[in-house]
Amino acid sequence: MTGCLPIWQQIKTKRITMIKRLLHNHISEVLSALELSGERDFTVEVPNNPEHGDYSTNAAMVLAKQNKIAPRKLAETLVKELRKNKFYKAVEIAGPGFINFKIAPSLYHKILFDIRDLGEDFGQSDYGQGEKVLIEFVSANPTGPLNIVSARAAAFGDTLYRVMKKVGFEPDREFYVNDAGNQVDILAESLELRLREIHGENIGEFPFEAYHGEYVRQLAHKLNATDGVRIFMLPEKERTDRMKEFALSELLEMQRMSMERFDVQFENWVSEKALRQEGVVEEVLSYLTEANCTYEKEEAIWFSSSEFGDDKDRVLMKSDGSITYFVPDLAYHLTKIQRGYTQLIDVFGPDHHGYVPRLRAAFRALKYDDDILEVIFLQQVNLFESGERVKMSKRAGKIVTMDDLIDEVGKDAARYFFIARKANAHLNFDLELALQKNNENPVYYCQYAHARICSILKRARKDKLYPRSFKKELGQKLTKPEELALIHKMTDLPGLLELIAEHREPHRLPTYTEELCSLFHRFYNKYQVVNPKYKELSQARLLLIEVVKDVLAGCLDLMGISAPEKM
RNA sequence: GCGCCAGUAGCUCAGUUGGAUAGAGCAGCAGCCUUCUAAGCUGCGGGUCAGGGGUUCGAAUCCCUUCUGGCGUGCCA
């Protein structure tokens with residue numbers, strides 16, 4: 001009834017290799033067979049202390065109270081049933097009522113072949129049930145080169161996308177381009193001033209509000225090369241339009257290039273300007289008006305957002321007749337829902353805290369479920385060099401751009417460091433550390449493990465030890481704790497990916513990857529893989545490290561980091 | 001003032017969402033290459049989990065409160 005086979009097959013048909021789930025199901029089965037209530041509330045975990053076994057459950061402690069049985073007594077009853085399964089080497093009671101499991105090597109051996117058979121599909125699942133999720137990230141103004149926070153957003157958003165896709169969501173990546181509005185006007189003015197400067201005009205002091213970056217001068221030179229003085233002969237409106245069009249297309253292209261260099265692809269780039277031309281602004285205003293939550297005051301039109309949880313009401317249309325940023329952005333969010341997404345994830349920079357309540361308010365006012373909108377805030381990034389914080393000033397145009405960073409430390413290191421930190425915590429980025437090609441740098445630590453395995457496999461092929469096919473019996477040769485620990489670790493990945501997707505926590509992936517690599521390096525230092533004297537053992541270990549290599553490459557790929565075969 | 005986020009080893013950070021003796025990596029000290037990549041491995045020190053209350057079998061984790069730092073609090077985006 002609680003035999004091992006049905007559960008094992010159940011796991012296999014789902015193409016999931018997860019011991020945790022196997023245990024959870026098994027314990028549930030035993031509980032219902034014993035007619036105990038509340039079987040969903042317990043957890044199965046990997047204990048910190050290896051002496052506590054491979055896995056551990058708190059089932060007896062959690063269920064003791066509601067069933068009015070002492071925890072240890074309940075544990076004894078459970079253990080008696082659980083022990084009937086031959087895939088456990090040991091099932092023990094410990095402490096206040098934990099049940100600790102030691103997994104039989106034979107199960108690990110089966111799993112190793114399983115992971116191998118799954119290949120690139122290992123870790124894949126239907127967990128997300130095809131839910132359509134839109135992840136919006138970066139969404140910077142096209143008024144300059146992308147900055148460091150955009151780079152962090154890119155790494156974060158893209159990795160989240162990759163993991164969610166892996167576990168069965170249907171996510172899309174989107175970049176909202178704010179190519180309309182006030183900031184674009186200022187950009188055009190800045191460009192015009194620089195252009196006049198080139199033509200020898202005295203422009204006086206460069207305005208405080210304008211864009212001071214050197215790139216504006218470069219744009220001016222480029223525009224001058226094509227248009228020359230002719231641009232000044234155009235009427236003002238046409239001239240400004242030409243400036244805008246030129247600057248936006250140049251800067252947007254620059255941003256696209258940055259993203260490409262960072263291996264981030266967006267399914268969609270949505271233009272605010274295009275949205276406005278489609279008339280969405282008027283639409284949104286009419287929706288809000290119909291919902292009875294707008295009013296006029298001091299020649300402006302307001303949204304009574306404070307009735308829906310915001311601190312105060314917000315202006316929709318300014319007294320000069322122009323629209324605030326909020327309106328087209330809300331319209332944009334509504335198009336996401338109209339396009340069929342049931343979960344909207346916005347990845348925002350640290351300076352948008354105050355903005356979210358009004359967006360939520362609008363969702364409520366328009367009777368959308370506001371759970372549909374989920375905002376993740378990335379905190380700021382501080383760059384350090386030689387222990388000193390690199391000071392940046394956007395106003396003075398003194399910033400380290402995303403491209404500077406990629407030039408300096410490379411895509412792999414940059415992505416790694418950005419992903420490795422929790423989203424809502426400040427990130428101290430040590431430029432020197434990211435540059436170092438030694439053991440202080442975790443990126444190289446992981447890539448090195450991959451390269452090392454490739455090197456061993458190459459050696460095995462050269463020595464003609466690499467078999468045409470791996471026989472199932474080879475598994476039995478893997479008996480060392482370091483070998484089984486590697487398999488154990490790999491079985492944790494599918495569950496981890498689901499956790500990352502569910503809680504939107506990509507930072508767990510680098511941690512996991514480092515742990516897997518650490519186990520491999522330890523194994524490598526202790527045992528020799530290729531040894532012609534022990535052919536079967538060598539082949540069993542080759543199988544093991546090849547599977548580790550593929551799993552590792554999979555992890556790196558999810559982070560958008562290359563897996564080099566040689567270093 | 002109010003709101004959001006953070007505070008864990010000398011430094012940078014994890015901590016399986018409430019589990020057992022809080023863990024890595026650097027930095028410090030001591031070791032390991034005639035053998036598949038030493039960009040690696042092994043060992044040793046190092047803690048009032050910012051402080052104080054509370055919730056329960058059990059708290060770094062949840063609640064309250066104080067302190068410190070960052071950000072926000074535009075008819076900017």
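First the proteins, then the strands, lettered A, B, ... as listed; each starts at 1. Remember, it's a predicted structure, so these values are computed and weren't measured experimentally.
- Shown for residues 520-535 of chain A: residues whose heavy atoms fall under 4.0 angstrom of RNA chain B, namely His521(A), Arg522(A), Tyr524(A), Asn525(A), Tyr527(A), Gln528(A), Val529(A), Val530(A).
- With a 6.0 Å cutoff to the six-membered ring centre and a 45° limit on the axis angle, Arg461(A) counts as a cation-pi contact of Tyr466(A).
- If you check residues 92-103 of chain A against RNA chain B, the residues with a heavy atom closer than 4.0 Å are Ala94(A), Phe98(A), Asn100(A), listed by number.
- Under a 4.0 Å N-O distance rule, the pair Lys526(A)/Glu482(A) qualifies as a salt bridge.
- Among the atoms of the strands shown, base atoms are found under 4.0 Å from some heavy atom of Ser319(A).
- Contact annotation: side chain of Ser518(A) to base of A24(B), donor-acceptor pair absent below 3.5 Å.
- For the pair Lys244(A) and Asp185(A), the salt-bridge criterion is met [side-chain N within less than 4.0 Å of a carboxylate O].
- The existence of a salt bridge linking Glu483(A) and Arg541(A) is confirmed by a sub-4.0 Å separation between a basic side-chain nitrogen and an acidic carboxylate oxygen.
- When rounded to the nearest whole Å, the span between CZ of Phe326(A) and C1' of C76(B) equals 15 Å.
- When the shell of 6.0 Å around CD of Glu565(A) is examined, it contains 12 or fewer heavy atoms from other residues, nucleotides or ligands.
- When the P atom of A14(B) is taken as reference, atom CG of Leu516(A) falls 20 Å away, rounded to whole Å.
- Counting to the nearest Å, the P atom of G25(B) and the OH atom of Tyr445(A) are 7 Å from each other.
- The existence of a salt bridge linking Glu498(A) and Arg21(A) is confirmed by a sub-4.0 Å separation between a basic side-chain nitrogen and an acidic carboxylate oxygen.
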Any chance you could list the contact pattern along nucleotides 3-12 of chain B? Use B for base contacts, S for sugar-phosphate-only contacts and - for none, protein heavy atoms under 4.0 Å, 5' to 3'.
-BSS-----S
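- Rounded to the nearest Å, the gap between the P atom of U16(B) and that of G28(B) is 31 Å.
- Geometrically, Arg452(A) engages Tyr524(A) in a cation-pi contact defined by less than 6.0 Å to the ring centre and at most 45° from the axis.
- OP1 and OP2 of C75(B) both lie 4.0 Å or more from every side-chain N or O belonging to Lys297(A).
- Residue Tyr295(A) contributes atom OH, which lies 11 Å from atom P of C75(B) at whole-angstrom precision.
- Judged by atom type and distance alone, Thr324(A) does not reach the base of C75(B) through any side-chain donor-acceptor pair under 3.5 Å.
- As rounded to the nearest Å, A6(B) and A39(B) have C1' atoms that lie 33 Å from one another.
- In this entry the distance linking CZ of Arg459(A) with P of U37(B) reads 7 Å, nearest Å.
- Between Arg364(A) and Asp370(A), at least one side-chain nitrogen of the basic residue sits less than 4.0 Å from a carboxylate oxygen of the acidic one, meeting the salt-bridge criterion.
- For the residue pair Tyr325(A) and Asn182(A), no side-chain donor N or O sits within less than 3.5 Å of a side-chain acceptor on the partner.
- When the C1' atom is used for both A22(B) and C33(B), the distance is 35 Å, rounded to whole Å.
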